[in-house]
Amino acid sequence: MTSPDIRLIAVDMDGTLLDASGRIPDGLWRLLPRLRERGIAFAPASGRQLATLQQQFASAPGELDYIAENGAYVMRDGVEVSSDAVAPEFAATVIDRVRRLDRLDLGLVVCGKRSAYIERADDAFHAEADKYYAKLEIVEDLTVVDDQILKLAIFDFAIAEHSVAPEMLDLRRTHQVVVSGQHWVDIMNSGVNKGRALGRLQEAMGIGPEQTMAFGDYLNDLELLQQAHWSYAMAEAHPDVAAVARYRAPSHTEAGVLTVIEEFLAR
């Protein structure tokens, strides 16, 4: 059987590439040079900020491509492909809404192009935000942050899909609201998602979905998988994600992404 002409592999992080301890599998570092030799670009696609992804992949040979902030920030070979900032006035309304939801245990991260910002500074929330934002500043008032705001990320100590997400549904009339993890809801400009970002990366490379492989597990990966012909839902993927993927990959706890890529390279 003829091997597909894959030129780009886009991979979600949590629940997809990362292992049960939240670490990048050691085998990836041996795999990346082989992909590079074959002319295949590797792009982490995550809700994390760009600085965090670059820090996590600092050991990679050469520059990787990145889909950061759930698609609001796209980089290729160290050069910006696209970014999509929300209006400061809209950001202020979200900040105010989160502050008023004091019956819920929430924390808000304002995700800027230069840094991420929080005003809730207790250890429990700071520890959660610190996992995803290598550049993180504590400020007194989020509404006066001087930065291009790419995303507003709400952390819910309960289950976000059933707790804070319903409180934000009306914002979908004008903006993108996505449950990006068990405890996170991300709010961005309308149309901003990993799939649109992947399309922009494909355009920059001069390729299409047929030359793209993508892996994901959660609701913020739906459009990512729809933009790639070779789409893989992880073994424990959300049912909606499994429904749109063409293929299944083994569990992230078993390095399922690496297994699929290794099988492809062996063809």
Side-chain angles (χ1 to χ4, degrees), residues 4 6-32 34-35 40-48 52-53 56-57 60 64-71 128 131-132 153 155-156 159-162 165 178-186 193-199 201-202 209-267:
I6 302 297
R7 297 290 99 196
L8 171 62
I9 299 175
V11 182
D12 171 56
M13 296 290 283
D14 295 276
T16 301
L17 177 63
L18 303 185
D19 63 20
S21 301
R23 296 170 54 87
I24 296 173
D26 290 338
L28 182 70
W29 308 119
R30 298 187 294 272
L31 195 58
L32 289 176
R34 295 168 59 195
L35 293 176
I40 301 171
F42 185 87
S46 174
R48 286 170 161 80
T52 304
L53 293 172
Q56 289 181 286
F57 288 92
L64 298 183
D65 299 336
Y66 294 100
I67 295 173
E69 304 286 12
N70 268 331
E128 295 296 336
K131 294 177 185 177
Y132 301 96
F155 182 85
D156 191 334
I159 304 301
E161 189 174 3
H162 308 301
V178 61
V179 179
S180 59
Q182 189 175 33
H183 299 285
W184 289 96
V185 171
D186 289 348
N193 57 62
K194 292 182 184 181
R196 184 178 179 185
L198 182 58
L201 200 48
Q202 289 166 336
E210 313 80 24
Q211 296 166 292
T212 307
M213 183 179 289
F215 298 82
D217 77 301
Y218 214 71
L219 297 172
N220 61 328
D221 300 319
L222 285 168
E223 295 89 352
L224 180 78
L225 299 186
Q226 291 169 331
Q227 189 61 30
H229 178 81
W230 302 92
S231 56
Y232 289 82
M234 306 307 292
E236 301 93 346
H238 190 287
D240 292 354
V241 175
V244 304
R246 287 187 172 87
Y247 308 100
R248 296 301 292 268
S251 172
H252 70 107
T253 63
E254 300 169 356
V257 169
L258 303 193
T259 298
V260 172
I261 295 175
E262 288 279 9
E263 289 174 353
F264 159 68
L265 291 177
R267 293 186 185 184

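Here, residue 1 is the first one in the sequence, and each next residue gets the next number.
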Is there a donor-acceptor pair under 3.5 Å between the side chain of Arg246 and the backbone N or O of Trp230? no
Side chains of Leu64 and Phe42: does their closest heavy-atom pair fall under 4.5 Å? yes
Taking atom CG of Leu201 and atom CD1 of Ile67, what is their separation to the nearest 0.5 Å? 5.5 Å
Carboxylate-amine/guanidinium proximity below 4.0 Å for Arg34 and Glu262: yes
side-chain contact (heavy atoms from CB on, under 4.5 Å) assessment of Thr16 paired with Tyr218: CA-CA 9 Å; Thr16 301; Tyr218 214 71; over 6 Å; no
Ile24 vs Trp29 side-chain heavy atoms within contact, under 4.5 Å: yes
Counting only N and O atoms by type, is there a donor-acceptor contact under 3.5 Å from the side chain of Gln202 to the main-chain atoms of Gln227? yes
Please give me the minimum heavy-atom distance between Pro44 and Asp65, naming the atom from each residue. CD-O, 3.0 Å
Does Thr212 reach the side chain of Leu198, with side-chain heavy atoms less than 4.5 Å apart? yes
So do Val241 and Asp217 actually touch side chain to side chain, heavy atoms under 4.5 Å? no
Go through the side-chain N and O atoms of Ser251 and Glu236 and say whether any donor and acceptor fall under 3.5 Å apart. yes
Would Val185 and Asp156 satisfy side-chain contact (heavy atoms from CB on, under 4.5 Å), going step by step from the backbone distance to the final call? CA-CA 8 Å; Val185 171; Asp156 191 334; over 6 Å; no
Are the side chain of His252 and the backbone N or O of Leu18 linked by a donor-acceptor pair below 3.5 Å? yes
Starting from the C-alpha separation in whole Å, work towards a yes-or-no answer on side-chain contact (heavy atoms from CB on, under 4.5 Å) for Asn70 and Trp184. CA-CA 12 Å; Asn70 268 331; Trp184 289 96; over 6 Å; no
Evaluate the side-chain proximity of Glu161 to Leu219: yes if any heavy-atom separation is below 4.5 Å, no if none is. yes
Tell me the closest heavy-atom pair linking Gly216 and Leu225, and the distance in Å. N-CD2, 3.8 Å
Identify the two heavy atoms, one from Ala237 and one from Ala233, that lie closest to each other, and give their separation to 0.1 Å. CB-CB, 3.9 Å
Arg48 and Asp14, any side-chain heavy atoms less than 4.5 Å apart: yes
Give the intermediate values and the outcome of side-chain contact (heavy atoms from CB on, under 4.5 Å) for residues Asn193 and Val178. CA-CA 9 Å; Asn193 57 62; Val178 61; over 6 Å; no
Would you check if Met234 and Asp12 make a side-chain contact, meaning some heavy-atom pair closer than 4.5 Å? no
Testing the basics here: between Val244 and Gln226, what is the closest heavy-atom pair and its distance to 0.1 Å? CG1-NE2, 3.9 Å
Supply the atom-to-atom distance Leu8 CG to Gln211 CD, rounded to the nearest 0.5 angstrom. 9.5 Å
Provide the closest heavy-atom pair for Met13 versus Phe57 in the form atom of the first, atom of the second, distance. CE-CE1, 3.7 Å
What I'd like to find out is whether the side chain of Ile261 reaches to under 4.5 Å of the side chain of Phe215, using heavy atoms alone. yes
Tyr232 and Arg248 have their tightest heavy-atom pair at CD2-O, 3.8 Å
Looking at Ser21 and Arg23, would you say the former's side chain and the latter's main chain have a donor-acceptor pair under 3.5 Å? no
Would you say Thr52's side chain and Tyr132's backbone share a donor-acceptor pair under 3.5 angstrom? yes
